[in-house]
Amino acid sequence: MKTLRLYNSDGRELQEFKPLESGHAGLYCCGPTVYNYAHIGNLRAYTHWDILRRTLERFGYEVKHVMNITDVGHLTDDGDEGEDKMLKGARERDMSVWEIAEFFTKAFFKDIERLNILTPTVSCKATGHIDDMIALVKRLEERGFTYESGGNIYFDSTKLPDYGRMALLDRQNLQHGARVALDTNKHSPFDFVLWFTKSKFENQAMMWDSPWGRGYPGWHIECSAMSSKYLGERIDIHTGGIDHIPVHHTNEIAQSEGAFGHHWVNYWVHNEFLIMKEGKISKSKGSFLTLQKLIDDGYEALDYRYFLLGGHYRSQLIFSEESLDGARSARKSLLGRVASFYREIKGSPLPDISDLGKASFSRIEAFDAALGEDLNTPRALAELWQLVKDETIPAAERLAAVLDMDGVLGLNLEEAGEETAGTGEDDELSALLTRRREAREAKNWAAADEIRDELAERGWKVVDTPEGPRLEKA
RNA sequence: GGCGCCGUACCCAAGCGGUUAAGGGAGUGGAUUGCAAAUCCAUGAUUCAGCGGUUCGAGUCCGCUCGGCGCCUCCA
């Protein structure tokens, strides 16, 4: 089995991935809060975790991929006077909170699909697992990690000696309340709510009965409850955005290790942010870019995927129209090369990967090595390009190898084969091409260009080559 | 105030002590072309923000300076 080294945030170093169970990998990814559309920064995270999953599978692991859908409302930003995010979304769109959750969950999965991100083995909604959360809070209560204050149940962070170890939190020097008012019910600033019965928001729409009274769960508990339900009380890999390290994941670790009584997640993988020139993209600041907006602007979803793969997941990536244009050009050019391979092999079967020559096989090995080294997609893409441009390798081999690589990259390169397959098969199209050829031979350029325009209207672009004209999908 | 990240050619971006500093985009030159598009070929940093230091050897390690970003509040 190929080795995969991952940067583990818990310990802050590159470590070789060793599964709990040989040949299997449990992957938990912090999913979206469905109160609004996902923006392109959110989508960056899911794309890189997709690469992680596909790499694990390529390297021989059977992956169980679990992702939560947070459909219970939590705090809005500090600019809003303490309103529930789901409630806010519902009010703005004149829907119920349940409808809002449903609506944006669908929108999210549509984006995921367009970006060719594999759907998780298990997608679980927070609202469907309230009982599991209550059970977990009870367990924490029995083990002495909780206290009641002001009607809410809190986790007592002082009961866990290494609280904050992953985030390297300095308990003494952190300036609490620097940006947000302190919760006076807390005994210690790091404590957090496990169960609310005293909502500070009015009109809380989602409430459930519990041993502590009618209310709703704290934000962090859902991930601990659902991940342990589907992956067990020890997990191979847990992913999330880098922003989650200090609070959300720190608290997940605290409550999970408190409840289970042992180490919980072996590898924590965190992605950096996509940023704009002006700084990071923020949902709470109102306007933000969605995948749909990019598509409306004439890009394809996979152009964006290609763009994302050009940067390493642990580096901030600068988004701009110019860089997305670059990605689009690159992907188009790549598809063009792959299409030419398809034309060259004329439908003959592709060689098996194991039968490839030394040159192409070593490219694949370098490609895998790049992925194995903390998912270095920029280097993997570079290997792909080197392979594609290597004239010493037969087209059939290059095609076989590049499609093999695409199993991880997910750029749908095989679609380049479909375009050429349709060429000339349609009688009307061939008739038009023939008429254009005749016009050109008669040097009747006006007529020839007219036909070219007509073909363009039908979605085909004429490409004149030394071997004659060829049609490509526009 | 605390914690963390980054500064590589016009743009995006690899690189993690040692041959000529990946790759893509843009640009430029050429081939091809009725024109156009597309395609193909060629071409780019004596240098890695700056200044010191460690080392036989540094973009890569250490220190300082300048500049940018994120987190400490829900956020990928």
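Chain letters run A, B, ... following the sequence lines, proteins first, then strands; residues in each count from 1.
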Task: CD1-CG distance between A:Ile40 and A:Leu291, expressed to the nearest 0.5 angstrom - done: 8.5 Å
Open item on the list: With a 4.0 Å cutoff (strictly under), does any side-chain N or O of A:Thr33 reach OP1 or OP2 of B:C74?
Closed with: no
TODO: Any chance you could lay out the side-chain contact (heavy atoms from CB on, under 4.5 Å) test for A:Ile295 and A:Arg114, step after step, and finish with the verdict?
DONE: CA-CA 10 Å; A:Ile295 291 169; A:Arg114 290 194 286 196; 3.5 Å; yes
- [ ] Name the pairing partner of B:C16, where a pair is Watson-Crick or G-U wobble with both distances under 3.5 Å, or state none.
- [x] none
Task: Given B:G15, B:A76, B:G25, the nucleotide with the shortest approach to the side chain of A:Ala330 - done: B:G25
- [ ] Select one nucleotide: of B:A22, B:C41, B:G24, the one nearest the side-chain heavy atoms of A:Trp385.
- [x] B:G24
Task: Pairing nucleotide - B:C5, Watson-Crick or G-U, each distance under 3.5 Å - done: B:G68
Task: Atom-pair distance (CG on A:Asp243; P on B:C72), nearest Å - done: 8 Å
Open item on the list: Using only modelled atom types and a 3.5 angstrom limit, is any donor from either the side chain of A:Arg452 or the base of B:C35 paired with an acceptor on the other?
Closed with: yes
- [ ] Measure from CD1 on A:Ile275 to C1' on B:A13 and round the result to the nearest Å.
- [x] 13 Å
Task: Nucleotide paired to B:G29 in any strand shown, Watson-Crick or G-U, under 3.5 Å - done: B:C41
Task: ring centroid sep under 5.5 Å plus plane angle under 30, A:Trp445 with B:G34 - done: yes
TODO: Please tell me which of the listed nucleotides, B:G15, B:A76, B:C12, lies nearest to the side chain of A:Ile318?
DONE: B:C12
- [ ] Answer yes or no: does atom NZ of A:Lys2 have more than 12 heavy-atom neighbours from other residues, nucleotides or ligands under 6.0 Å?
- [x] yes
Task: Integer-rounded Å distance: B:G15 P and A:Glu383 CD - done: 13 Å
TODO: Let me know the distance between CZ of A:Arg5 and P of B:G15, rounded to the nearest Å.
DONE: 12 Å
TODO: Measure from OH on A:Tyr342 to C1' on B:U39 and round the result to the nearest Å.
DONE: 20 Å
Task: Atom pair distance, as rounded to whole Å: CG in A:Leu317 and P in B:G24 - done: 18 Å
Task: Most 5' of A:Glu322 and A:Trp49 on RNA chain B, judged by nearest nucleotide - done: A:Glu322
Open item on the list: Side chain of A:Arg440, heavy atoms from C-beta onward: which of B:G24, B:A22, B:G34 has the nearest atom to it?
Closed with: B:G34
Task: Separation between the P atoms of B:C40 and B:A45, rounded to whole Å - done: 23 Å
Task: For atom OH of A:Tyr7 and atom P of B:C16, their distance in whole Å - done: 16 Å
Task: Atom-to-atom span, CG of A:Leu14 to P of B:C16 - whole angstrom - done: 11 Å
Task: Side chain of A:Gln316 (C-beta onward), nearest among B:G70, B:A13, B:C12 - done: B:G70
Open item on the list: Nearest 0.5 angstrom please: A:Ile112 CD1 to A:Asp50 CG, how far?
Closed with: 8.0 Å
Open item on the list: Suppose we call a contact any N or O donor and acceptor under 3.5 Å apart; does that hold for the side chain of A:Asp325 and the base of B:G24?
Closed with: no
Open item on the list: On the nucleotide B:G25, are OP1 or OP2 found under 4.0 Å from the side-chain N or O atoms that A:Lys332 carries?
Closed with: no
Task: Closest nucleotide among B:G23, B:A76, B:A22 to the A:His39 side chain - done: B:A76
Task: Base-pairing assignment for B:U47 (Watson-Crick or G-U wobble, both under 3.5 Å) - done: none
Task: Polar contact flag, side-chain donor to acceptor under 3.5 angstrom, A:His220-A:His248 - done: yes
TODO: Kindly indicate whether the side chain of A:Phe103, heavy atoms from C-beta on, has any atom under 4.5 Å from the side chain of A:Tyr37.
DONE: yes
Open item on the list: Side chain of A:Ser329, heavy atoms from C-beta onward: which of B:G23, B:A26, B:C40 has the nearest atom to it?
Closed with: B:A26
Task: Any donor-acceptor N or O pair under 3.5 Å, side chains A:Asn68, A:Glu222 - done: yes
Open item on the list: Please compare A:Gly310 and A:Glu272 by the position of their nearest nucleotide in RNA chain B and report the one closer to 5'.
Closed with: A:Gly310
Task: Complementary nucleotide of B:G59, counting Watson-Crick and G-U pairs under 3.5 Å - done: none
